[in-house]
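Below is one structure, written out as structure tokens; the observations come after it.
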Amino acid sequence: MNNKNPSIFPDPFEEARKTQGFGKVADQDDDVMILLRHKDVRKTAHNAKTFQSGATPGRIVVPSEVKIRDTRQIPFEVDPPLHGEYRAIVEAWFKRPLQAKYQEKLKAQIEKAVDEVLNKGNIEIISDFALPLQSRALTLLLNTPFEESDIWISWGTHVFRSEGESLDADKANVLYDYIDAEIDRAILNPGEDLYSVLLNSDFQGRKLNKEEVKGVLILTFAGGRDTVINAVTNSLSYFAENPKALLMLKQNPEMIGKAVEELVRYFAPLTHMGRVVTEDTVVCEHAAKADTRVSLCWASANRDENVFENPNEVMLDRKINPHVGFGFSHHNCLGATHARQILKTLITVLTEKVTQMEVVDFEENIEDWGEFKRKVGFHKLILNIK
Ligand code: EMZ
């Protein structure tokens, strides 16, 4: 059932977080102990020796993608010290959103996206705003032709999941085939795109191979897709319901950076991410056996009452905000610079162009994690923007 206020995202983890600090999530015969406290989440993220990312490809994702994926996502499914070597190759490329030229192009894209929905009556925000915005912005991150975004838009909001199916192998194969073809294209015809740059990267005295390049690309396509779409859509729901907040940011544009961090804390577009336990250990005063899975619940940690004052309130000027919306420790989100720039630019453009946003209709997207049902975004959000 829908909440009355679309921009309210309740915290389903509160009680379990306060009482025992963890919960259990069943997933394809490979249960997950989900860690809920900020302290435990950060500590566990830091300890790559006991809680590894470099397990069977797909296993640290919940629901597990082991059945639909063989390629290791890089650097996401690699542990230190190898992780650091891969990360060093891609880091500078993923920081390009800090460059003025990149920001100019992104701003032009987002201005166009807002113009397309302004004074046009009722608009379904996910399919007609957030998805195209995400896909077009991705052409900047990959440095590929703008027209490629039409293909990506046709894939829908998640590349591995579809409506009614939490794992969709056919859909995943469309992405893999596309990336394989693009890698072959870049080998024959190198350019200045991410594929070509990766194929030409030095790693341990050799070039990255096709499988490694594919691993980086799958991560780039999958990791920043539904997450960015949710962040954009949810932020619009917030400003539609809180017009004063948008006005405040219009008058104080220097606060937009802080506001973005707070929205990412509150919405936590990625609920959690798993690790595989490498040796019998104890987490949260509870035994965790070797070869089982735990997950780090960013969404719960971001509402931890021991860390955040009024955790269930959006306070755009929140002073101390050690949120883990982009993960924590060495695996912190590689796409965060791009995602932050999208949100900052979006808010800036909204303050410049929009005077009124009205929620016409909406349908919430509630994730089902066993005892926890979490609203992560919308299946549908219809706004009228003026
Ligand atoms: C993986 C993951 C990365 C996974 C930071 O998250 O995002 C998920 O959406 C994908 O399904 O494969 O890329």
Side-chain angles (χ1 to χ4, degrees), residues 25 27-28 30 32 41 45 52-79 83 86-87 90 94 126 130-131 134-135 138 141-142 152 155-163 165-176 178-179 194 211-233 264 267-276 293 295-299 301-302 323-340 342 365 367 369 374 376-377:
V25 174
D27 174 33
Q28 306 165 70
D30 194 4
V32 183
V41 164
Q52 64 167 182
S53 295
T56 309
R59 194 169 171 213
I60 62 167
V61 182
V62 193
S64 166
E65 292 170 352
V66 166
K67 288 186 187 141
I68 56 161
R69 178 152 71 77
D70 299 316
T71 301
R72 181 171 299 285
Q73 291 184 17
I74 294 175
F76 169 62
E77 292 175 313
V78 182
D79 292 303
H83 166 268
Y86 281 120
R87 182 95 188 203
V90 292
F94 282 85
I126 299 168
L131 171 63
Q134 184 275 342
S135 294
L138 191 61
L141 190 60
L142 267 56
W152 310 338
W155 295 340
T157 49
H158 201 289
V159 285
F160 294 140
R161 298 177 205 139
S162 55
E163 223 28 73
E165 236 179 313
S166 66
L167 295 174
D168 188 338
D170 293 340
K171 203 166 176 181
N173 281 326
V174 172
L175 173 70
Y176 304 152
Y178 174 86
I179 293 175
L194 178 58
E211 184 68 6
E212 290 166 319
V213 172
K214 185 176 179 180
V216 176
L217 264 304
I218 297 179
L219 174 63
T220 309
F221 274 103
R225 194 163 179 85
D226 51 328
T227 43
V228 168
I229 292 169
N230 283 335
V232 165
T233 309
V264 171
F267 295 129
L270 181 69
T271 301
H272 60 155
M273 186 47 71
R275 297 287 187 268
V276 173
R293 300 196 292 165
S295 80
L296 319 174
C297 189
W298 319 118
N302 279 358
H323 74 79
V324 289
F326 288 116
F328 184 70
S329 196
H330 50 288
H331 277 296
N332 67 71
C333 178
L334 182 61
T337 312
H338 178 70
R340 285 187 163 111
I342 289 178
N365 177 3
E367 292 178 338
W369 304 112
R374 171 172 195 249
V376 67

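Counting convention: from 1, in listed order, for ligands and their atoms alike.
Pro75 and Arg87 get closest at one heavy-atom pair: CG-CD, 4.1 Å.
In this structure, the protein non-hydrogen atom closest to atom 5 (C) of ligand 1 is Leu270 CD2, 3.9 Å. Of all protein heavy atoms, the one closest to atom 13 (O) of ligand 1 is Gln73 OE1, 2.7 Å. Scanning the protein heavy atoms around atom 9 (O) of ligand 1, the nearest turns out to be His158 NE2, 3.2 Å. Protein heavy atom closest to atom 7 (O) of ligand 1, with residue, atom name and distance, is Gly223 CA, 3.5 Å.
Of the listed options Arg161, Glu65, Met273, Glu65 places a heavy atom closest to atom 12 (O) of ligand 1.
Between the Arg275 side chain and the Leu296 main chain, no donor and acceptor come within less than 3.5 Å of each other. A donor-acceptor pair under 3.5 Å is absent between the side-chain atoms of Asn230 and the main chain of Thr227, judged by distance alone. Using a distance-only test at 3.5 Å, with no hydrogens or angles considered, no donor-acceptor pair links the side chain of Asp226 to the main chain of His158. Proximity of a side-chain donor or acceptor of Gln28 to a complementary backbone N or O of Ser64 within less than 3.5 Å is detected.
By the neighbour-count criterion of 12 heavy atoms within 6.0 Å, atom CG of Asn173 is densely surrounded, having more than that number from other residues, nucleotides or ligands.
If you number the atoms of ligand 1 from 1 as listed, the ones under 4.0 Å from a heavy atom of Arg69 come out as 12 (O).
Within the 4.0 Å heavy-atom criterion, neither part of Arg225 lies near ligand 1.
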